[in-house]
Each structure stands twice: as C-alpha cells, then as structure tokens.
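Have a look at the structure below before the remarks.
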Amino acid sequence: MNLPLSQSLKFLRYHKRESLLFLIGLFLGLSVLGVVHDLRVSFQEGLNSKSKELLGSDLSLSSRVEISPEKIAKIDTYLNKNLVKKIQLDSFFSMAKGEKARLVWVKVLSEGFPFYGKYKLESDSESLLPKPGSVWIYPELTTLLGVGVGDNIKLGGRNYLIEDIVLDDPSQGLSWGSVAPRVFFNNQDLVISGLVQKGSTKTTTVYYKLSKSISDDEVNLLEELIDDSAVEVTTPLKTSQQMARAMKYLSDFLSLISLVALFMAGSGLYYLFGHLLEKAKTTFYLFRLLGLNRKQIGLILINVVLILSFLGSLLAFAGTAVLLPTLKAFLAEKLKADFPTAITSEIYFFFFGLGPLFALCMTWPTIYKSLSESIPNLFEEVYKRTSLSLSYVHFLPGVLLFLVLSLLSSKSFKIGTFFFISMLVSSSLYWLVFNYTFQKIGLLKGDRLWLTLLSKSIGRQYKSLITGPVTLAIAAMMLNLIPQMQLMIEQELSFDPQSSSRPHLFMFDIQDEQVDPFNQFLVSNDLTADRTSPMIRGRLTKINNKPLLVRSKNSLTREQERSERMKNRGVNITYKDKLNSDEQLVEGEDFRSPFEEKNVQISLEKNYAERIGAQLDDILEFDILGVPISGKVVNFRKVKWSSMNPNFFITFSPGVLEDAPKTHLMTINKLENAKKLEILEKMTELFPNVSAVDISNVVEKVLNVFSQMMKALRFQTLTTLLCGLFVVFSMGLNQAEQRRTETSLYLMLGVPRCSLIMWSLIEASVINSIASIMGVIVSFGLTALVVFFFFDFEVHLNFELGLLVALSVALFSSFITFISQWRRLFVPPLKLLS
Amino acid sequence: MILDGESIFKSFFQGKKEIPVLKGASLHLARGETLAIIGKSGSGKSTLLSLLSGVDRPNSGQLNFLGKNFTNLSENEISELRASKMGIIFQQFFLIPHLTALENIQLPLQINGKGSQLEEAQQWLEKVGLADRGNHFPDQLSGGEKQRVAIARALVHSPDLVLADEPSGSLDEKTGKEIMDLIFQLVSEKMKGIILVTHDKELAARCDRILNLENGVLLS
C-alpha cells in the first residue's frame with residue numbers, strides 16, 4: 001500500500017468520532033437528495049415504459065384548429081410504407097347532465113383505437129369502445145352527476161346510456177383528480193350529437209400506427225413538412241414527458257429543498273473537517289519535518305476525504321436501497337401512478353459520483369489552507385501555529401457546484417438562479433449578522449458570573465461558533481418559508497361564495513348567434529353576465545415579417561420548454577378598446593382611436609411577450625382561419641390570472657376582428673350554490689354546445705393538488721432541520737471536547753454542577769434563539785420576494801406562525817446542543833482532568 | 001564534513017521593528033562528531049535548529065549540509081534531504097498521535113521508500129527497550145517511553161545528522177540520563193554526527209565539542 005493511502009487509513013482509524021460524524025453528515029445530505037432524484041427518474045421511467053399506451057399510437061398530429069387535409073397528406077406520403085393505420089379523432093369539453101350538470105372532457109374512441117393499451121372497465125368487459133348511443137365515464141362522475149351504470153346522461157342535447165365505468169385509463173399518467181373528468185364516446189355518435197360546432201373548444205388529433213418507431217430527426221422533418229405552429233407532432237416519449245410535467249414541478253422544488261439540506265450537511269462537513277485538521281495540525285507539521293512534501297500530504301488529506309465520502313455514499317446507498325422501494329410502492333399507490341419500485345441505476349452514479357465530488361468541494365478550502373501553511377518552529381517550547389485566513393477563491397468549487405446543482409434541480413434558469421442567489425445572500429447575511437452580534441455580546445458586562453462567562457464564551461469564540469447558527473438559521477428560514485407561501489397562495493386563491501370579486505361560473509363556446517339568446521336566458525333567471533369576451537382562434541406566424549422559428553431540438557430549461565410550447569400552439573385572441581380591471585399596463589401606451597383595419601394595435605401579456613421574444617413596436621402577423629392579419633405591439637400588460645376572469649395573452653384593438661369567426665366567453669360573478677346548479681342544468685338543456693366551468697370547483701381542485709404538493713415540500717423541509725441539528729450536534733461535541741479542562745477547573749474551583757448545566761443551557765439558548773429568530777426574519781423577506789416575483793400576489797405574512805417556528809427551532813436545537821455537552825457536564829472532574 | 005555553516009544571519013520582524021537573532025553564527029560538524037550548543041533561553045537556539053533542519057532559511061550566510069547549500073535547494077529538495085539524511089529529536093517528543101509506537105518508527109523508512117521494514121522497526125523498538133509497547137499509541141505511553149520512540153524514529157533510517165533539541169528536557173533525571181545514554185550509544189555505534197542543543201552544561205560536557213550561543217554568535 002502506498003504511503004499516502006496507508007497514512008490516510010491510519011489517520012481515520014485514530015479519528016473515529018470525527019470520521020463517524022463526517023459519514024453521518026454526508027449520509028444525510030446525499031440520501032435526501034438521492035431519494036428525490038430517484039423518485040423523479042423512476043416516475044419518468046414508469047411513464048416512458050407505457051408511453052405508447054399514454055399516446056395510444058406511435059405518432060400523432062394534434063391541433064386546436066383544423067389540420068388541413070393537404071398537410072395530413074404530406075405526412076402520409078412521407079411515412080409511406082411505415083404507415084400501418086391512421087385515424088382522426090376529436091376531444092372536447094362539454095357539459096354533461098345527469099341529476100346534476102357539470103363540465104366533462106369528451107374523448108372520442110373509434111374502432112381499432114387506441115392502437116396500444118386497453119381500458120379497464122368496472123364490468124371486466126373486453127369491449128374496446130362504447131356502443132353507439134352509449135358512453136363510458138370516469139368513476140368520480142357517478143357522484144358528481146348523480147348517475148350510475150344503466151342511467152342516462154345528456155351530452156349535446158341527446159341522451160346517452162352509461163355503459164360502463166373506466167377504472168384504469170391507459171392514456172392518463174397521474175391521478176391528481178381532474179377538473180373535467182373524462183367521458184368516452186363512440187366516434188359514430190359525433191356527427192349527430194351536435195356537440196362540436198364552429199369554434200368549439202376541441203382538439204383534433206390524427207393518430208398513426210407505424211411499423212417501426214420514428215426517430216427525433218424524423219419528427220423534426222415532419223414538423224418542417226407541416227410548417228404550422230399550431231400543429232403539434234407527438235411521439236410516445238414526448239407524451240410521457242408531458243405527462244410527467246406536473247410531477248416534475250413538484251420534484252424540482254423537492255430537489256431544491258433537498259439541495260438546501262445537502263449544503264447544510266456540506267457546511268457541517270466543512271466545519272468537521274476544518275476542526276479535524278486544526279486538531280491534527282501538529283501531525284501534518286511533523287509529516288513535513290520528517291520529509292513528506294506538500295503534494296504527498298495533500299494526497300493523504302484527499303484520500304481521507306475520498307475514503308470517507310465513499311463510505312458515506314455507501315451508507316446512503318444502503319439506506320436508500322432498503323427504504324426507497326417501500327416508499328416508492330407507497331407513493332405509486334397513493335398517486336395511482338405506475339412506476340418501478342426498484343431503485344434506479346442512476347443512483348449509483350448519483351451517490352458514488354456526486355458524493356466524493358461534493359465532499360471534496362466542501363473540504364477543499366480547509367485542505368488548501370492546511371497545505372499552504374508554513375511549518376512553525378517546533379523547536380520552540382511553545383511554538384506559534386501559523387493561522388492563515390481562508391481564501392474565498394477556494395470556496396469557489398463548492399459555490400459553483402451548488403449553482404450547477406441548483407440549475408439542474410430546478411430545470412429553470414430563473415428559479416435556479418434565484419434560489420442560488422437567495423441561499424448565497426442569506427448565508428452571507430447570517431454570517432455577517434452573527435459575527436457582529438456575537439462580538440457585541442462579548443462586550444456585555446454585569447455583576448452576575450453567568451453573564452460575564454456567557455459574554456466571554458460567545459464573544460471570544462465567535463469565529464468557531466458561527467457555522468452552527470448559520471445552518472440553524474437556514475433551517476428556520478426554510479421551515480417558515482414554505483408554510484408562509486402556502487398560506488399566502490391559499491389566501492390568494494381562496495374562494496368566498498359570497499364574494500363577487502371572482503366569477504362563479506365561466507361559460508365558453510358560446511356561438512356568435514347565441515350571445516343575445518344567452519343574455520336573455522340569464523335575464524329571465526334574474527342574472528346578468530359580468531363580462532363577455534369574444535374569442536378568435538388563430539396562429540402566430542411571423543414577427544417583424546420573419547417566420548416564427550417554431551422548433552428547436554432540445555429544451556434544456558423550463559423557460560425554454562415553456563417558450564417552445566408558447567410558440568408551438570394556436571393562440572386565442574380577443575379584441576377590446578381598453579384594459580379590464582384585472583389588467584395593468586406595464587409598458588407602452590393604451591390603444592388609440594381611430595380603431596380601423598389600417599391601424600391594428602396589439603397588447604401582449606408581459607410574460608407571453610418575453611417567451612415569444614416580442615418587443616414594443618414589433619409587427620406580429622397572425623393567421624386567422626387562413627386570413628393573414630398584422631398588427632403592431634403597442635403595449636405590454638400584467639394580468640392578475642388568479643382573478644379567474646376571461647383574460648388573454650393577445651388583445652387586438654377593435655375594428656379588425658369583429659367579422660372573424662369567433663365564440664364568446666361569459667362570466668357570472670355572484671351566484672348562490674343552489675342557483676348555480678339550477679342554471680347549469682337549464683343551460684345544458686337550452687344551450688347544449690355551451691360549456692361552463694364551476695370556478696369554486698376548479699379552485700378546490702387546484703388547492704387540493706397544491707395542498708398535496710405543499711405537504712410533500714413541508715415534509716422535505718424537515719430534512720433541512722435534521723441537517724441543521726446535525727451541524728449543531730457536531731459542533732456541540734467538538735466544543736465539549738475543547739472545554740473539558742475548563743469544565744473540570746470550574747468544578748475544582750467549587751462551581752456547583754447545576755450552575756455549569758444552567759450556564760451551558762443559557763449559552764445554547766442565546767445562540768440558537770438568535771439564529772432561529774434571524775432565520776425567520778429573513779424568511780419573511782424571502783417569502784415576500786418569491787411571492788412578488790413568481791406569483792405576483794399581495795404579500796400577507798403570518799407573524800404568529802413565524803414566532804412558532806422560531807421558538808420551536810430554538811428550543812429543539814438548544815436541547816440538542818445540551819445533549820451534545822452531556823459528557824462534559826456529567827463526568828467526574830478527576831476523569832476530565834486525566 | 002556533515003555540516004558547514006558560515007556567518008549565518010537571521011532576524012525577525014515584530015511589526016516594523018527588526019529583531020536580529022543570529023548575527024553571523026558559524027559552526028562545523030565532522031562525521032562521527034558530537035557537538036553541543038548551549039545558551040540561555042531566548043539566545044536563538046531554536047532559531048538555529050530551525051535553520052539547520054532546513055525548515056527556515058537564513059537571511060544571509062552559507063549553510064551546507066553534506067556539501068549541498070540549503071539556500072539553493074527547493075522546499076521539496078530540502079524535504080527529501082531531511083527525510084533521508086537527518087533525524088530530529090524534539091524536547092516535546094512530537095510523535096504522530098494516530099500511529100502506534102511501531103508505526104511511528106516505521107514512518108521514516110516508508111517516507112524514504114524503503115517499504116514498511118517491519119523487522120528493522122521492531123529491532124529498533126527492542127534497542128530502545130520498548131519491545132512490548134509496539135502496538136501502543138503515543139497517548140498510552142509515558143514521557144520517557146515517548147522519547148525512546150522519538151529516538152528510534154530519528155535513527156531508524158541511519159541519518160547522517162541527528163538534531164536533538166533538549167531530548168531529556170521534559171523527563172525526570174533518571175529517565176533523562178537513560179535517554180541520553182541511549183542516544184550517545186546509538187550515535188557512536190553508527191558513527192553519526194549529532195548536534196545537541198541544551199542548556200544543561202553537564203550533558204553538554206559529554207559531547208566532543210561545546211559551542212555557546214551568545215549575542216547571536218557561536219563561541220567555543
């Protein structure tokens with residue numbers, strides 16, 4: 001065995017306690033992040049493995065506007081011999097009425113479709129599609145509509161027999177509970193049902209069964225052949241990735257919180273290793289005196305870190321391998337999602353690749369410091385140890401790793417950078433504040449012995465004390481941040497049935513000629529429409545006369561993905577002469593008369609404009625049912641989407657779209673529940689093609705999903721507390737070791753043991769309380785920033801909750817510190833002296 | 001000649017004030033010779049030792065070790081030279097705490113690329129009377145035992161020069177005498193040169209020559 005390796009092993013053998021703490025720290029940090037990563041990969045793998053069932057075909061073209069037969073013919077020609085079978089089907093929203101009425105998503109099935117996958121029916125029937133005149137429904141509709149198998153439901157003015165209940169829908173990836181549950185419908189009924197009318201909100205899809213799968217390059221080629229931003233070319237893999245999007249949002253945020261835990265554990269490793277090197281300083285001086293050069297000593301230290309990180313990774317891997325399958329089985333059951341419960345192969349790389357890299361980055365500043373020091377004169381009776389300041393440059397690898405992991409975890413440049421900067425700024429702030437505060441505590445003077453000792457203990461050791469409070473403050477910050485955000489978002493979305501600030505019913509697909517009769521219908525029921533907005537479907541084709549670049553091969557970040565999605569779909573446009581109350585002009589000017597075809601003015605929602613890359617004064621060209629219409633961007637506006645009112649990304653000035661084929665959206669703001677149900681039933685009878693969304697129902701569903709996500713996030717934040725407590729405990733142990741002589745001297749000098757215990761408790765409480773309070777204060781600021789920048793809500797902070805978090809963290813951490821000092825405080829003085 | 005030092009100057013700064021410690025000290029050591037350097041506390045003995053061991057460098061003057069001028073060597077070259085040709089005994093023992101007594105003795109052999117040389121190290125343990133203490137860590141040994149291990153560690157690789165800084169200074173009289181007997185016996189057996197730094201005149205008298213460090217210069 002070579003010298004550096006054998007010395008590393010002997011070094012570790014001797015420093016067992018420090019090594020064990022290092023392993024625990026690494027185990028905690030890696031396992032938390034590893035579990036989230038594995039869940040994310042498994043979920044995607046689960047969806048990928050059944051991706052053909054999810055799409056039902058090998059390839060599909062879908063669009064919310066009609067796909068021209070010429071374009072379909074181009075694709076057919078390209079696919080040629082590869083094409084086995086093809087079918088074109090529609091899916092759309094509709095009102096369904098049993099005992100009660102509500103919005104459903106109608107999915108049309110046809111003979112031989114889906115090409116892959118099979119619906120599991122309650123009756124265990126082997127049927128592949130409902131009989132003509134019959135439908136299959138999702139289980140929740142039996143309650144929502146008050147119907148069962150054998151009953152009739154009304155769709156589009158005609159009655160349909162409920163033939164069966166769909167227990168397992170292969171085209172649904174994850175069950176969060178849907179806003180519009182599905183009804184399956186036979187294609188033969190579509191024409192006579194009258195459900196789909198001009199301008200109805202429907203999606204037309206052409207499904208292809210192929211003899212062999214097509215590659216990504218071929219998909220790009222097909223997209224070029226179609227040359228239409230409104231038509232989406234989808235493969236099974238793309239479908240599974242889209243299905244996973246909701247879960248990805250959650251897992252991305254879970255990853256970010258676990259990153260906090262990882263880096264808190266990392267700061268613990270930094271502290272522990274620094275302490276270990278400080279303790280073993282003389283050993284390394286001696287190594288150099290005995291003839292080892294810096295490189296060899298560097299190798300010894302790096303070996304120590306690598307051995308520990310390998311063992312830590314192994315421990316994390318073993319723990320994960322034992323616990324994760326059970327956790328995954330539980331989640332698969334809970335989410336009704338089908339994903340493999342075995343641990344993924346990526347986790348090997350994750351633990352054994354990231355683990356050592358992370359440990360090296362965290363310990364590098366102390367290793368470098370140790371190697372840079374010159375050997376002191378050991379011949380002096382009391383030799384002076386050199387004490388170099390740590391160079392900030394050597395923290396860069398750790399900081400960069402944190403940045404890269406933040407970006408990779410969030411899959412968003414904006415969120416990743418915001419997270420990284422927030423963590424960096426808050427940690428630096430804590431460091432500065434605690435430095436200042438602890439020094440000031442050192443200046444406190446008083447007659448009481450405990451106060452004098454407390455001030456000297458904190459004030460004179462403040463540098464070595466700081467890591468624990470900083471990590472504790474971060475834990476308190478995260479623990480307060482998540483519930484504060486949850487409360488604020490819930491408050492913003494909460495739905496008061498008595499309030500008229502938000503629509504209670506949201507109607508769409510109202511045909512042009514139905515607007516007046518619909519208004520009369522409302523008047524006859526003592527109601528009026530609070531807002532009516534025309535909606536025209538079109539596609540954005542050019543910006544400043546340049547055709548829109550609609551495809552790019554790979555989207556790295558969530559922003560790029562969103563930008564692609566924005567470009568790759570048809571758009572809904574409205575026209576009006578001024579902004580609504582829930583819109584706010586942020587750049588440019590209001591529309592100016594005269595409103596005429598020569599002077600088409602366009603207002604864009606600010607974020608949408610950013611995503612498509614439009615600037616003020618740009619000329620945008622739209623294809624409105626084959627007619628090109630151009631206009632100039634005159635303003636950007638912010639929209640309060642949480643108002644739930646009809647709002648649009650694109651608004652035209654009046655005078656140009658009035659004659660275009662369109663439908664209308666209407667909202668009714670104040671509506672009693674009983675009246676709402678009555679209106680929905682009547683509306684379904686009188687206007688079968690019109691759909692209505694019960695907003696309270698949507699809000700309830702959104703809040704339900706949100707609440708489930710927040711539960712997961714809150715649970716995850718506990719891991720940050722665990723890591724914070726680990727650092728506090730490690731520091732406590734080290735301080736106990738350093739203060740053994742001091743404690744024994746106090747005892748020898750006659751200080752009662754109970755006083756020592758009391759002093760220790762006071763010191764821990766003071767430090768941990770300052771950290772917790774500071775963490776909570778910063779979390780208030782951070783909550784406000786997050787809500788302001790990412791949600792654009794009003795900021796309401798819950799101070800009672802903050803106080804509760806600060807108190808709990810302070811109490812709990814003080815208890816942990818006390819436990820760590822146990823041996824020092826309760827061992828007989830003579831034993832301590834020995 | 002093992003060591004040849006001529007007009008060595010060394011000073012330190014306290015703030016902006018220069019404090020001269022060695023003001024032209026000169027010394028020479030022939031093979032097999034024992035040399036004692038005596039001086040009062042603060043006379044610069046430790047500084048001189050740090051220069052002789054190559055840990056620090058003089059401000060001016062010549063310091064040749066086995067014909068090589070320390071001032072012309074890189075840090076790594078000095079480390080190699082120290083590893084192979086020098087043995088150092090400290091007043092405070094300075095054993096590596098995470099190595100056993102035997103492993104402490106093996107270490108110089110390993111550093112010099114001679115492998116673990118278990119037998120050789122064990123022989124040295126026996127020579128210093130600690131045959132049964134090889135698996136003990138330094139914190140399980142008494143002061144005298146630690147110094148015996150330190151002596152074995154300083155001599156195991158047959159260095160040309162042994163630098164001994166008050167080797168009996170931290171020990172009681174009886175143990176100190178035993179330790180010094182051992183050092184002189186081993187050095188004479190191996191025909192090594194030794195520089196012994198002490199303020200104990202009786203001990204110094206056992207050496208071939210005595211130099212007194214006074215006012216920064218070495219006087220006979």
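Just so we're on the same page: letters track the sequence lines, and every chain starts at 1. Not measured: the values here are computed from a predicted model.
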Here's one to test your reading of the geometry: is the NZ or CZ of Lys10(B) within 45 degrees of the ring axis of Phe12(B) and under 6.0 Å from its centre? yes
Under 4.5 Å from a heavy atom of chain A, the part of Asp139(B) involved: side chain
Answer with yes or no whether the side chains of Thr100(B) and Asn135(B) bring together a donor and an acceptor at under 3.5 Å. no
What do you reckon, are the aromatic ring centroids of Phe22(A) and Tyr271(A) less than 6.0 Å apart? no
Taking all atoms of both residues into account, what is the closest heavy-atom pair of Pro4(A) and Leu299(A), and its distance? CB-CB, 3.8 Å
Measuring heavy-atom distances to chain A, does Glu103(B) have an atom under 4.5 Å in its side chain, in its backbone, in both, or in neither? side chain
Do you know which of Leu49(B), Thr47(B), Asp165(B), Ile96(B) has the most heavy-atom pairs under 4.5 Å to chain A? Leu49(B)
Note: Leu95(B) and Pro138(B) closest approach over all heavy atoms is CB-CG, 3.8 Å
Against chain A, label Ile78(B) side chain, backbone, both or neither, depending on which of its atoms sit under 4.5 Å from a heavy atom there. neither
Could you tell me the separation between the CD1 atom of Ile37(B) and the CZ atom of Arg209(B), rounded to the nearest 0.5 Å? 9.0 Å
Any salt bridge between Glu737(A) and Lys279(A), counting N to O under 4.0 Å? yes
Under 3.5 Å: donor-acceptor pair, side chain of Arg82(B), backbone of Ser53(B): yes
Please classify the contact between Ile88(B) and chain A as side chain, backbone, both or neither, with a heavy-atom cut-off of under 4.5 Å. side chain
Show the numbers, then the answer: is there a side chain to side chain donor-acceptor pair (under 3.5 Å) between Asp4(B) and His28(B)? CA-CA 5 Å; Asp4(B) 191 5; His28(B) 314 281; 2.5 Å; yes
Most contact-rich option vs chain A, by heavy-atom pairs under 4.5 angstrom, among Ser84(B), Pro97(B), Ala83(B), is Pro97(B)
Close contacts, residues 286-296 of chain A versus chain B, judged by heavy atoms under 4.5 Å: Leu286(A), Phe287(A), Arg288(A), Leu289(A), Leu290(A), Gly291(A), Leu292(A), Asn293(A), Arg294(A)
